[in-house]
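Right, one structure below, let's go through it.
Per chain, numbering begins at 1; letters A, B, ... match sequence-line order. Here the structure is a predicted model, which means the values were calculated and not measured.
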There are 2 protein chains.
Amino acid sequence: MNGHDLAMALRGAYLAMHRRTDALMTPFGVTADQFVVLCALAEGDALTQRELVIRTSSDPSTSRAMLVLLERRQLIERRPHPTDGRARTVSLTVEGKRIHRDLWRKSEAFRKELLADLAQDDVASLVSHLRRLTSAMEEDHPGFASTPERRPVDRTI
Amino acid sequence: MNGHDLAMALRGAYLAMHRRTDALMTPFGVTADQFVVLCALAEGDALTQRELVIRTSSDPSTSRAMLVLLERRQLIERRPHPTDGRARTVSLTVEGKRIHRDLWRKSEAFRKELLADLAQDDVASLVSHLRRLTSAMEEDHPGFASTPERRPVDRTI
DNA sequence: TATTGTTATACTCTATAACTATA
DNA sequence: TATAGTTATAGAGTATAACAATA
């Protein structure tokens with residue numbers, strides 16, 4: 001079992017998950033990646049774009065393109081940051097919250113399925129291994145995304 | 001530690017890996033996803049497109065688009081399948097083999113990095129968990145890809 | 001000087017649906 | 001009838017580089 005096997009297993013799992021999620025979300029006109037953004041905003045409203053980029057393991061340009069699409073559909077809104085003139089804060093609209101709640105519910109069974117074959121301990125160790133992998137890969141190669149661990153929300157807003 | 005945490009950890013790890021791999025390959029004009037195709041062909045030459053789709057966790061349309069690009073760059077070639085008139089077999093060209101070998105070497109350190117923080121047992125269990133996850137997600141949702149496990153090569157060719 | 005975000009641009013990947021040809 | 005692959009089409013996501021405004 002070598003590095004390539006691990007890489008391919010990771011790829012297979014991610015793509016399978018992405019496809020299943022897309023299939024689940026598409027009827028609502030939301031992609032799997034957009035759902036990730038909605039979730040990040042539901043967990044920490046009024047994030048800056050920079051913070052959102054970090055939490056969604058994305059990059060500023062990609063993230064912005066997605067925000068423009070979501071804004072056009074009025075699922076999110078962006079406002080000037082009250083204390084940092086450079087920044088903008090992103091929030092779910094009422095409709096965005098509704099859609100997120102709906103999709104969250106619709107995807108509950110799938111998340112359960114994810115856990116079905118795994119013992120509690122296995123899940124914990126799987127997640128911790130994946131996070132460690134991520135940190136290792138990002139070390140000294142920061143790009144714009146970093147480990148999507150829960151961080152204290154910016155309460156200066 | 002719930003299903004969403006697992007999903008986000010999987011996403012974070014995959015995207016980090018994909019970025020690092022892309023960064024490594026781009027100077028050679030090959031994307032991370034194209035490298036996956038080259039690897040699949042290096043492991044099992046003269047695969048049918050269908051077989052390649054399975055091994056790369058892809059779908060026929062995406063796979064074809066990639067093959068067209070790789071064919072244009074003369075890294076692969078497609079021939080009619082000798083016994084099945086519907087099928088085509090895909091192989092690396094000499095140049096394709098060279099590029100694959102080069103890129104494989106260039107990415108060796110990265111694969112080592114992947115394994116660095118993990119004990120042998122951890123790698124094995126991580127891979128097996130990821131594969132189990134993949135199978136679970138694909139069960140009754142076959143799409144076109146399935147678990148990319150090593151299969152006997154078609155020797156009717 | 002560094003950071004936040006925008007713009008322009010380009011390209012790959014992704015996928016569906018309708019199709020042809022062969023098994 | 002089912003399978004292998006193609007075509008047309010569309011859109012999303014991805015990323016780089018140059019830029020403006022603010023910290």
Side-chain angles (χ1 to χ4, degrees), chain A residues 11 14-23 25-27 29-37 47-54 56-73 78-90 141-145 154 156, chain B residues 11 14-27 29-37 47-54 56-73 78-90 141-145 154 156-157:
Chain A
R11 173 184 163 91
Y14 172 74
L15 291 177
M17 176 179 78
H18 198 269
R19 279 191 190 106
R20 284 289 302 274
T21 311
D22 252 346
M25 308 284 155
T26 296
V30 173
T31 67
D33 295 302
Q34 289 170 359
F35 180 63
V36 170
V37 172
L47 302 173
T48 63
Q49 293 190 197
R50 187 188 159 285
E51 187 60 31
L52 193 57
V53 160
I54 292 171
T56 56
S57 310
S58 187
D59 77 284
S61 194
T62 303
S63 195
R64 181 187 177 269
M66 296 180 65
L67 290 179
V68 167
L69 290 178
L70 289 169
E71 204 167 29
R72 198 175 295 160
R73 299 198 44 214
R78 291 185 289 171
R79 295 182 213 276
H81 191 285
T83 67
D84 186 338
R86 299 167 303 180
R88 303 177 72 174
T89 62
V90 188
H141 298 267
F144 287 94
D154 178 7
T156 65
Chain B
R11 172 185 165 90
Y14 172 74
L15 291 177
M17 177 179 77
H18 197 268
R19 278 191 191 105
R20 283 290 302 274
T21 310
D22 253 345
L24 219 53
M25 307 284 155
T26 295
V30 174
T31 67
D33 294 301
Q34 289 170 358
F35 181 62
V36 170
V37 172
L47 303 173
T48 62
Q49 292 190 196
R50 187 188 160 286
E51 188 59 31
L52 192 57
V53 160
I54 292 170
T56 56
S57 311
S58 187
D59 77 285
S61 194
T62 303
S63 195
R64 181 186 177 272
M66 295 179 67
L67 290 178
V68 167
L69 290 177
L70 290 169
E71 204 168 29
R72 197 175 296 159
R73 298 196 46 212
R78 291 185 290 171
R79 296 182 214 275
H81 190 285
T83 67
D84 185 337
R86 300 168 303 180
R88 303 177 72 175
T89 61
V90 189
H141 297 266
F144 286 95
D154 179 7
T156 66
I157 305 175

Main-chain N/O of B:Thr31 paired to B:Gln34 side chain as donor or acceptor, under 3.5 Å: yes

For the residue pair A:Ala87 and A:Thr48, what are the closest heavy atoms and their distance? CB-CG2, 4.3 Å

Measure across A:Val90 and A:Gln49 and return the closest heavy-atom pair with its distance rounded to 0.1 Å. CG2-CG, 3.7 Å

With the sugar-phosphate defined as primed atoms, P, OP1 and OP2, and the base as all remaining atoms, what B/S/- string results for nucleotides 9-14 of chain C, 5' to 3', for protein heavy atoms under 4.0 Å? ---SSB

Of the non-hydrogen atoms in A:Val30 and A:Met25, which two are nearest, and what is the gap between them? O-CB, 2.9 Å

Looking at every heavy atom in both A:Arg11 and B:Thr56, which two are closest together, and how far apart are they? NH2-O, 2.9 Å

Tell me: CG of A:Leu52 to C1' of C:dT3, nearest whole Å? 17 Å

Give me the distances for all protein-to-nucleotides 3-5 of chain D N/O pairs that come in under 3.5 Å?
from	atom 1	to	atom 2	distance (Å)
D:dT3	O4'	B:Arg86	NH1	3.4
D:dT3	O2	B:Arg86	NH1	3.0
D:dA4	OP1	B:Arg50	NE	2.9
D:dA4	OP2	B:Arg50	NE	3.1
D:dG5	OP1	B:Gln49	N	3.1
D:dG5	OP1	B:Arg88	N	3.1
D:dG5	OP1	B:Arg88	O	3.1
D:dG5	OP2	B:Arg50	N	2.6

When rounded to whole Å, the NE2 to P distance for the pair A:His81 and C:dT6 reads 14 Å

Atom CE of B:Met17 and atom CG of B:Asp22: how far apart are they, to the nearest 0.5 Å? 10.5 Å

From CG of A:Leu47 across to C1' of C:dG5 the rounded distance in Å is 15 Å

Overall bend of the helix from C:dT1-D:dA23 to C:dA23-D:dT1 (five pairs an end, 10° steps) is 20°

With rounding to the nearest 0.5 Å, note down the distance linking CG in A:Leu67 to CZ in A:Arg72. 12.0 Å

First locate atom OG of B:Ser58, then atom CZ of B:Arg64, and finally report the distance between them rounded to the nearest 0.5 Å. 13.0 Å

Which of these passes side-chain contact (heavy atoms from CB on, under 4.5 Å) with B:Arg88: B:Arg79, B:Arg50, B:Arg78? B:Arg78

A:Leu70 CG to A:Phe35 CZ distance, which is reported to the nearest 0.5 Å: 12.5 Å

